[in-house]
Amino acid sequence: MAVVSLLLLGGLWSAVEASSLAVVTCGSVVKLLNTRHNVRLHSHDVRYGSGSGQQSVTGVTSVDDSNSYWRIRGKTATVCERGTPIKCGQPIRLTHVNTGRNLHSHHFTSPLSGNQVRWHPVDHWCPVHYSEVSAFGEEGEGDYLDDWTVLCNGPYWVRDGEVRFKHSSTEVLLSVTGEQYGRPISGQKEVHGMAQPSQNNYWKAMEGIFMKPSELLKAEAHHAEL
């Protein structure tokens with residue numbers, strides 16, 4: 001009986017360890033794929049010619065572009081220890097690895113989609129505001145407009161699951177419009193903040209360096225099973 005119990009316990013720990021490895025954690029460096037438009041979240045030292053004039057954020061089809069890596073960190077003025085699992089509903093920062101600026105949004109209108117007109121069931125044709133998304137700050141330090149809340153199903157953000165990123169201040173969702181820029185970033189897709197949930201808002205963690213989950217997750221899972 002004791003042998004059987006030990007075997008079962010060993011199997012339980014193996015299952016917990018396998019599932020915990022699929023959790024996205026603080027300190028990980030990842031590329032984020034927009035699953036609707038098949039582009040990766042990207043930035044570079046090219047500034048918008050209008051709006052905020054801050055560093056532009058776009059979507060690119062290239063898989064191996066080093067400008068598509070983002071480091072997952074705790075929200076502004078906090079520290080998220082490396083390996084801490086990201087919970088659904090948790091605010092985080094995404095810091096662009098090559099330039100050290102944070103994914104950011106505000107009330108400037110997006111450069112291509114801007115104010116579009118859509119049908120509204122009550123007001124009929126009315127303007128819809130789309131927010132500019134930029135990269136802001138220096139060496140990873142910006143302000144509270146760098147915070148995004150991870151929206152997902154279940155207790156944690158998992159690597160094979162789709163998530164949304166909701167801007168903590170303006171409440172827009174990180175989205176890809178499908179519109180493309182001309183020179184000097186020809187072919188790159190516009191990224192903006194959209195108020196309405198849609199298929200344009202879904203993202204998935206792809207290539208990167210994933211920090212091993214901390215012992216906290218294993219302990220929580222083991223306690224729940226017992």
Side-chain angles (χ1 to χ4, degrees), residues 23-34 40-43 47-48 51-59 67-111 129-159 161-177 190-198 200-205 208 210-211 214 216:
V23 175
V24 179
T25 58
C26 283
S28 296
V29 175
V30 302
K31 292 184 179 181
L32 295 167
L33 176 73
N34 182 277
R40 283 161 175 76
L41 188 68
H42 178 272
S43 192
R47 295 183 176 270
Y48 288 124
S52 69
Q54 294 173 2
Q55 182 170 300
S56 59
V57 172
T58 61
N67 275 316
S68 298
Y69 282 114
W70 301 82
R71 185 181 305 279
I72 301 169
R73 305 169 62 210
K75 68 177 183 178
T76 302
T78 67
V79 175
C80 186
E81 296 294 336
R82 187 172 64 180
T84 302
I86 302 295
K87 294 180 179 180
C88 296
Q90 178 178 337
I92 62 168
R93 279 175 293 175
L94 292 168
T95 302
H96 189 243
V97 171
N98 284 354
T99 63
R101 296 189 172 102
N102 299 322
L103 189 70
H104 183 92
S105 191
H106 33 221
H107 291 291
F108 289 97
T109 57
S110 52
H129 175 78
Y130 294 118
S131 300
E132 178 191 277
V133 171
S134 62
F136 173 77
E138 297 294 336
E139 298 182 356
E141 298 307 318
D143 62 25
Y144 69 99
L145 293 174
D146 301 337
D147 295 341
W148 298 80
T149 300
V150 180
L151 304 181
C152 49
N153 295 319
Y156 296 102
W157 177 7
V158 294
R159 287 172 57 177
E162 292 184 333
V163 301
R164 286 183 167 114
F165 299 102
K166 185 176 184 179
H167 192 245
S168 298
S169 295
T170 64
E171 299 190 341
V172 296
L173 297 163
L174 183 68
S175 308
V176 174
T177 68
E190 182 187 44
V191 172
H192 70 184
M194 178 186 293
Q196 306 85 1
S198 75
N200 298 310
N201 317 138
Y202 281 114
W203 300 85
K204 186 175 180 181
F210 292 87
M211 295 294 109
S214 65
L216 174 64

| message | Could you work out, with side-chain hydrogen bond (donor to acceptor under 3.5 Å, both in side chains) as the rule, every residue matching Q90, not counting sequence neighbours? | response | none
| message | Please enumerate all residues that pass side chain to side chain contact (heavy atoms under 4.5 Å, CB included) together with S168, with sequence neighbours excluded. | response | P91, D147, T149
| note | Rounded to the nearest 0.5 Å, the NZ atom of K204 sits from the CG atom of L32 at a distance of 12.0 Å
| Which heavy atom in S68 sits nearest to a heavy atom in K31, and how many Å separate them? | O-CG, 3.3 Å
| remark: For T78, the side chain to side chain contact (heavy atoms under 4.5 Å, CB included) test, sequence neighbours excluded, returns K75
| request: Starting at CE of M211, measure out to SG of C26 and round the result to the nearest 0.5 Å. | output: 11.0 Å
| query | Has the side chain of S134 got a donor or acceptor atom that lies under 3.5 Å from a matching backbone atom of F136? | reply | no
| said: So, using side-chain hydrogen bond (donor to acceptor under 3.5 Å, both in side chains) as the criterion, who are the partners of T170 when residues are at least two apart? | reply: H167
| message | Ignoring hydrogens, what is the shortest heavy-atom contact between V150 and I86? Give both atom names and the distance. | response | CG2-CG2, 4.0 Å
| How far apart are the C-alpha atoms of F210 and V30, what are their side-chain angles, what is the distance that settles it, and do they pass the side-chain contact (heavy atoms from CB on, under 4.5 Å) test? | CA-CA 7 Å; F210 292 87; V30 302; 3.5 Å; yes
| query | Does G137 offer a backbone N or O that forms a donor-acceptor pair with the side chain of R101 under 3.5 Å? | reply | yes
| said: Holding to salt bridge (Lys or Arg N to Asp or Glu O under 4.0 Å), I want the full list of residues that pass it with E141, two or more places apart in sequence or in another chain. | reply: R73, R93
| Separation of S28 OG from R82 CZ (nearest 0.5 Å) | 10.0 Å
| said: Could you walk me through whether T177 and M194 satisfy the side-chain contact (heavy atoms from CB on, under 4.5 Å) test, starting with their C-alpha distance in whole Å, then the side-chain angles of each, then the deciding distance to 0.1 Å, before giving a yes or no? | reply: CA-CA 9 Å; T177 68; M194 178 186 293; 5.9 Å; no
| task | Could you tell me whether the side chain of L173 reaches within less than 4.5 Å of the side chain of L151, counting heavy atoms only? | result | yes
| Between S131 and V172, what is the shortest heavy-atom contact and its length? | OG-CG1, 3.7 Å
| query | Can you check whether T25 reaches T84 side chain to side chain, under 4.5 Å on heavy atoms? | reply | no
| query | For R47, does the CZ atom have more than 12 heavy-atom neighbours from other residues, nucleotides or ligands under 6.0 Å away? | reply | yes
| field | L103 backbone acceptor or donor facing W148 side chain under 3.5 Å | value | yes
| task | Please round to the nearest 0.5 Å and tell me the distance separating atom OG of S175 and atom NE2 of H192. | result | 5.0 Å
| message | Looking at T95 and G100, would you say the former's side chain and the latter's main chain have a donor-acceptor pair under 3.5 Å? | response | no
| task | Quick one: list whatever passes side chain to side chain contact (heavy atoms under 4.5 Å, CB included) with E162, sequence neighbours left out. | result | T35, Y202
| query | So how far is it from L145 CG to H104 NE2, rounded to the nearest 0.5 Å? | reply | 4.5 Å
| task | Tell me, please, which residues at least two apart from N153 pass side chain to side chain contact (heavy atoms under 4.5 Å, CB included). | result | none
| Listed by chain and number, what are the ring pair (Phe, Tyr, Trp, His ring centres under 6.0 Å) partners of H96, not counting sequence neighbours? | W70
| query | Taking Y48 for the side chain and S110 for the main chain, is one N or O donor matched with an acceptor at less than 3.5 Å? | reply | no
| field | Any residue meeting side-chain hydrogen bond (donor to acceptor under 3.5 Å, both in side chains) with S105, in chain and number order, not counting sequence neighbours | value | none
| Just by modelled atom types, is the A205 backbone N or O under 3.5 Å from a matching donor or acceptor in the W157 side chain? | no
| message | E139: which residues meet the salt bridge (Lys or Arg N to Asp or Glu O under 4.0 Å) condition with it, sequence neighbours left out? | response | none
| If you measure from CD1 on I92 to CD1 on I72, what distance do you get to the nearest 0.5 Å? | 5.5 Å
| query | How far apart are the closest heavy atoms of G140 and N102, and which atoms are they? | reply | O-ND2, 3.1 Å
| task | Look only at the side chain of S43 and the backbone of S56, and say whether a donor-acceptor pair between them is shorter than 3.5 Å. | result | yes
| note | Scanning both residues in full, the closest heavy-atom pair of P85 with V23 reads CB-CG1, 3.5 Å
| said: Going by side-chain hydrogen bond (donor to acceptor under 3.5 Å, both in side chains), name the residues that satisfy it together with Y69, two or more places apart in sequence or in a different chain. | reply: none
| Heavy-atom pair of closest approach, residues L41 and L174 | CD2-CD2, 4.2 Å
